[in-house]
Asks: 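Structure provided below as structure tokens; questions to follow.
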Amino acid sequence: ALLSNALISMYTKLGSISEGYRIFNRMTNRDVITWNSLLSGFHDNKPSDEGNKIFKRMLIDGFKPNMYTYISTLRSCSSLSNVELGRQVHAHIIKDKLDIDGYVGTALIDMYAKCGCMEEVQAIFNKLSKKDVFTWTVIISGLSQTNQGEKAAQFFNEMRKEGVIPNKFTIASCLRACSGMTSLENGRQLHSLAIKAGLFTDIFVSSALVDMYGKCGYIDDAETLFKEMKLHDTVTWNTMICGYSQHGEDEKALEAFSEMINSGLLPDEITFLGILSACSHMRLVEEGKKYFYSMSESYGIAPSIEHYACLVDMLGRAGKFDEVERFIEKLELTPN
RNA sequence: CUCCGUCUGAAGUUAAAA
């Protein structure tokens, strides 16, 4: 069982969920760790309710979850904003007296924060005896992600008063809060803090800085920062492309797209939202259609309803209302 | 008693309109 467990964990963490399941299904000597190993694979992959299914199946099969199980299941709840299951798991945790554990507490706070349940967050937070940088950061990121930037800033200040040193996760989350509030002052302070702490070169921190300057209206500063970065990934390019497009610097958005492709990176669905938006601003209907069809033809990305909306917007701005109608009629998606 | 061990916690980019 020890070897099989390790194998399941390896496969699921590498994204080969089906390989993990194959070993799992062949095992006759499953233990709690077997189930936990299976659960651990759904952490870094796309959100799915597979984790919740495994948790329930485990209970039905008569296995007693431990704190590893609960933490993994809570992660699924967080990524799906499934507070109903989260509360059920919480009840199990209290029953098993595991709620005093720091990791469990952090996972619970994260789940409630991402679901927007601040009363629960406060209650658990107040009860925790030891608060580390993870505890503070999950709250700050939860508030940033639910557009409660002012509260995020309050927690950040309180954290520093307590003498807890922010790390790159904390800084990136706070920068997101600044972007949401277009708070240039706080953003600049975080910028110098990041330099002092040696976190400036982290790609999450620097991308968040590029975004912050863009959102605060300083697209030139964002561009300068972007060009100074040694590493660019898809998210960094997306930040710059969407920043250009949001500022009406649409030609630059398209140029950036070409540069991105030339550098060997692949675009994703967010890249195309920025690109289609730029084409729409410029009334570049034919060019925009080319980009739209290249999504599935060249990059294997299925357009979402947002992409279709961009195309409708583009046709509408260009005054092509008859074409808009035809386009909507032949939609394979249900219009919203 | 201490350490180790097959499973545990957080971060950046998202169209239009109003």
Side-chain angles (χ1 to χ4, degrees), chain A residues 1-10 12-13 20 31-41 43 65-75 78 98 101-111 113-114 132-142 144-145 166-179 199 202-212 214-215 222 226 229 232-243 245-246 267-281 288 303-314 316-317 336:
Chain A
L2 196 133
L3 186 60
S4 302
N5 290 346
L7 277 170
I8 292 173
S9 175
M10 181 196 76
T12 54
K13 283 211 174 85
D31 58 15
V32 189
I33 297 180
T34 314
W35 290 90
N36 291 348
S37 300
L38 197 58
L39 273 170
S40 74
H43 287 170
N66 61 18
M67 56 189 228
Y68 292 79
T69 322
Y70 291 135
I71 290 167
S72 292
T73 310
L74 284 172
R75 276 188 78 164
S78 297
L98 291 172
D101 178 79
Y103 278 37
V104 174
T106 305
L108 276 170
I109 290 175
D110 183 50
M111 184 276 294
K114 290 214 170 73
D132 63 10
V133 65
F134 278 73
T135 325
W136 289 99
T137 304
V138 287
I139 298 190
I140 292 168
S141 72
S144 308
Q145 287 172 29
N167 63 19
K168 53 191 181 181
F169 288 72
T170 325
I171 301 292
S173 297
C174 287
L175 282 167
R176 176 178 168 137
C178 294
S179 296
L199 302 172
D202 179 76
I203 196 159
F204 280 71
V205 171
S206 42
S207 299
L209 279 168
V210 170
D211 184 57
M212 184 276 294
K215 290 277 186 349
F226 176 85
M229 289 173 68
H232 295 140
D233 65 6
T234 299
V235 172
T236 324
W237 281 106
N238 287 351
T239 307
M240 206 60 238
I241 289 169
C242 293
S245 162
Q246 282 158 10
D268 64 9
E269 39 289 300
I270 295 174
T271 318
F272 282 103
L273 284 179
I275 288 302
L276 292 173
S277 168
C279 291
S280 181
H281 296 153
S304 71
I305 193 151
E306 285 84 2
H307 297 105
Y308 284 97
C310 284
L311 222 73
V312 170
D313 175 66
M314 191 172 74
R317 280 188 210 243
N336 65 11

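Side-chain atoms are counted along with the backbone in the values below, which use heavy atoms only and exclude waters and symmetry mates. By convention in this document, chain letters (A, B, ...) are assigned in the order of the sequence lines, proteins followed by strands, and residues within each chain are numbered from 1.
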Asks: Under the 3.5 Å rule, do the base of B:A11 and the side chain of A:N167 count as making a donor-acceptor pair?
Replies: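 In this structure, the two groups form no donor-acceptor pair.
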Asks: Please state how far atom OH in A:Y103 lies from atom C1' in B:C7, giving the value in whole angstrom units.
Replies: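 The distance from OH of A:Y103 to C1' of B:C7 comes to 13 Å, rounded to the nearest Å.
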Asks: Whole angstroms only, please: what is the CZ-C1' distance between A:R75 and B:A10?
Replies: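 In whole Å, B:A10 C1' and A:R75 CZ are 9 Å from each other.
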Asks: Which residues pass the salt bridge (charged side-chain N to carboxylate O under 4.0 Å, His left out) test with A:D202, not counting sequence neighbours?
Replies: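 Residues passing salt bridge (charged side-chain N to carboxylate O under 4.0 Å, His left out) with A:D202: A:K168.
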Asks: On the 0 to 90° scale, with breaks at 30° and 60°, tag the A:H232-A:F226 ring pair as parallel, tilted or perpendicular.
Replies: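 A:H232 vs A:F226 ring planes: parallel.
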Asks: Starting at CD1 of A:I71 and ending at P of B:G9, how long is that distance when rounded to a whole Å?
Replies: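 Atom-to-atom, A:I71 to B:G9, this comes out as 7 Å.
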Asks: Applying ring-ring contact (aromatic ring centres under 6.0 Å, His included), can you list everything that pairs with A:F169, at least two apart in sequence or on another chain?
Replies: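 ring-ring contact (aromatic ring centres under 6.0 Å, His included) check on A:F169 returns nothing, list empty.
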Asks: Describe the nucleic acid contact of A:D101 in one word from base, sugar-phosphate, nothing, applying a heavy-atom distance below 4.0 Å.
Replies: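 It contacts nothing in the nucleic acid.
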Asks: Is there a side-chain contact between A:S37 and A:T12, using heavy atoms and a 4.5 Å cut-off?
Replies: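 Not touching, per the 4.5 Å side-chain cut-off.
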Asks: Rounding to a whole Å, what distance do you find between A:L3:CG and B:U6:P?
Replies: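 Whole-Å distance recorded here is 11 Å.
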Asks: Apply side chain to side chain donor-acceptor pair (under 3.5 Å) to A:D233 and list each qualifying residue two or more places apart in sequence or on a separate chain.
Replies: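 A:D233: side chain to side chain donor-acceptor pair (under 3.5 Å) contacts with A:T236.
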Asks: Expressed as a whole number of angstroms, how long is the span from A:L74:CG to B:G9:P?
Replies: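 Atom CG in A:L74 sits about 11 Å away from atom P in B:G9.
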Asks: Can you give one letter per nucleotide of nucleotides 12-18 of chain B, 5' to 3': B if a protein heavy atom sits under 4.0 Å from the base, S if only from the sugar-phosphate, - if neither?
Replies: BBBBSS-
Asks: Please report the distance, rounded to the nearest Å, between CG in A:D132 and P in B:U8.
Replies: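 For the pair A:D132 CG and B:U8 P, the rounded distance is 18 Å.
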Asks: Base, sugar-phosphate, or nothing: which does A:D31 touch, judged by heavy atoms less than 4.0 Å apart?
Replies: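 Since no nucleic acid heavy atom lies under 4.0 Å of A:D31, the category is nothing.
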Asks: Tell me: CD1 of A:I139 to C1' of B:G9, nearest whole Å?
Replies: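 Answer to the nearest Å: 13 Å.
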Asks: Looking at residues at least two apart in the chain, or sitting in another chain, which of them share a side chain to side chain donor-acceptor pair (under 3.5 Å) with A:D132?
Replies: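 Testing A:D132 for side chain to side chain donor-acceptor pair (under 3.5 Å), a comparison that skips the adjacent residues, returns A:T135.
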Asks: Rounding to an integer number of Å, can you tell me how far A:N66 CG sits from B:U6 C1'?
Replies: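 Atom-to-atom, A:N66 to B:U6, this comes out as 12 Å.
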Asks: Test of understanding: with ring-ring contact (aromatic ring centres under 6.0 Å, His included), list the residues that count as partners of A:Y70, not counting sequence neighbours.
Replies: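 Not a single residue meets the ring-ring contact (aromatic ring centres under 6.0 Å, His included) criterion with A:Y70.
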